Amino acid sequence: MPTPSADHLLVLLAVARTGRYTAAGAELGVTHTTVARTVAALERSLGDRVLVRGTDGWELTALGERATRAAEAVSDAVGRLVADDGETDPVMGVVRMTATDAFSAYVVPPAVVGLRRDHPDLTVEAVTVTRRPAQHRSGVDIEVVVGDAPAPRAQVVPLGEFELGMYASRDYLAEHGTPGTVAELAGHGLVHFIDSMLQVDDLDTPRRLVPGIRDAMTSTNVFVHVEATRAGAGVGFVPCLAADRHPDLVRLLPDEVRDRLPYRALVHPESWRRPAVAAVLVALRRQVEMQRDALLGR
């Protein structure tokens with residue numbers, strides 16, 4: 001079996017980080033067809049597939065993960081070689097992550113700002129998604145997920161907890177009345193996730209806690225939930241961290257209709273040993289602890 005080329009490994013690393021041939025090509029200054037040919041050549045030298053098509057782009061196979069770890073070592077060695085001085089900050093480069101809407105908006109930015117004060121060569125890319133853990137890695141280093149769903153082939157880092165509650169606007173309550181029981185709450189329309197598109201089973205709490213409640217307006221985006229609730233579309237089951245920022249929203253039946261869920265960071269094997277990834281994880285955990293009361297609706 002021929003020895004895999006270091007250049008081919010670095011191309012694979014670019015695809016692993018971006019999930020797309022076109023994005024990897026743009027990063028490397030080559031065409032996507034060149035990237036595809038290089039990956040094919042690497043697979044021939046290794047004797048098996050390193051990438052498979054996934055729902056969100058190219059995903060690594062088990063062999064691809066091993067090859068990417070080797071590529072990371074090559075990339076780190078090249079970085080040390082071309083450094084201007086003998087001491088290179090290892091917390092550098094791009095860390096790509098996915099997280100839910102509220103976490104991305106309220107936790108990630110202050111964590112990144114604080115981290116970049118000490119590590120200005122670090123870049124963090126955050127993609128907002130609310131989904132179950134991915135079966136295969138697709139261009140991300142860290143996935144921040146909600147709930148306790150299994151996370152195959154990933155290191156799991158607990159970040160903390162957050163609480164969701166039922167809210168309504170003051171104007172809405174003035175017009176429709178304030179429900180005093182769960183049974184009365186069922187008579188109002190629900191603002192929440194689209195049931196048929198909800199990937200995280202743990203987020204279906206309101207339909208379980210308030211039997212019979214009907215959807216009024218649904219969306220895949222938490223900030224749509226918040227703004228629809230503020231506009232009077234119905235009662236919204238939303239994270240306290242997002243809702244409590246708005247004085248025109250009132251929390252309803254906080255002792256009866258509530259849920260507390262964990263945030264977990266899933267770190268894929270080829271990213272686990274990167275100092276930049278470790279630094280981002282530490283910063284996220286610190287920021288979650290700093291905002292603990294707000295996350296828990298206190």
Side-chain angles (χ1 to χ4, degrees), residues 1-25 27-28 30 32-79 90 93-99 124-127 129-159 199-201 264-281:
M1 179 184 299
T3 302
S5 162
D7 288 338
H8 293 179
L9 288 172
L10 291 175
V11 170
L12 174 64
L13 180 61
V15 177
R17 288 176 172 173
T18 63
R20 300 286 192 280
Y21 283 171
T22 51
E27 183 177 292
L28 297 169
V30 299
H32 72 279
T33 54
T34 299
V35 173
R37 286 197 300 268
T38 303
V39 170
L42 178 62
E43 290 179 331
R44 286 194 298 272
S45 67
L46 293 175
D48 206 348
R49 299 292 302 276
V50 295
L51 294 169
V52 294
R53 284 192 179 275
T55 55
D56 298 317
W58 289 102
E59 299 175 347
L60 293 167
T61 64
L63 176 61
E65 289 180 355
R66 295 200 303 273
T68 304
R69 286 196 292 272
E72 289 279 8
V74 172
S75 179
D76 291 344
V78 172
V94 178
V95 173
R96 294 177 174 87
M97 63 178 292
T98 62
V124 176
E125 295 181 353
V127 177
V129 293
T130 302
R131 65 182 183 189
R132 62 177 64 90
Q135 295 298 308
H136 301 280
R137 180 180 186 274
S138 179
V140 296
D141 299 297
I142 301 169
E143 294 178 77
V144 177
V145 299
V146 169
D148 296 312
R153 300 167 68 186
Q155 299 281 348
V156 180
V157 180
L159 296 176
Q199 293 194 32
V200 181
D201 293 339
R264 299 183 300 155
L266 312 182
V267 186
H268 297 272
E270 64 274 12
S271 301
W272 182 249
R273 293 184 294 177
R274 288 185 61 200
V277 172
V280 170
L281 287 170

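Keep in mind the model is a prediction, meaning the values are calculated, not measured.
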Shortest non-hydrogen separation from D141 to V94 and the atoms involved: OD2-O, 3.8 Å
Exercise: identify the closest heavy-atom pair between R274 and G93: NH2-C, 4.5 Å
Reference residue T38; test side-chain contact (heavy atoms from CB on, under 4.5 Å); the match among V35, T34, L42: T34
Single hit among T68, V15, V52 for side-chain contact (heavy atoms from CB on, under 4.5 Å) with L60: T68
Candidate pair R20 and W58, rule side-chain contact (heavy atoms from CB on, under 4.5 Å), full reasoning: CA-CA 6 Å; R20 300 286 192 280; W58 289 102; 5.6 Å; no
How long is the span from the [atom1] atom in [X] to the [atom2] atom in [Y], to the nearest 0.5 Å?
{"X": "L63", "Y": "L46", "atom1": "CG", "atom2": "CG", "result": "5.0 Å"}
{"X": "E43", "Y": "T61", "atom1": "CD", "atom2": "OG1", "result": "7.5 Å"}
{"X": "M97", "Y": "L266", "atom1": "CE", "atom2": "CG", "result": "11.0 Å"}
{"X": "H32", "Y": "R37", "atom1": "NE2", "atom2": "CZ", "result": "9.5 Å"}

Which donor-acceptor pairs under 3.5 Å do the side chains of residues 4-13 make with protein atoms, sequence neighbours left out?
| residue | atom | partner | partner atom | Å |
| --- | --- | --- | --- | --- |
| S5 | OG | D7 | N | 3.1 |
| S5 | OG | H8 | N | 3.4 |

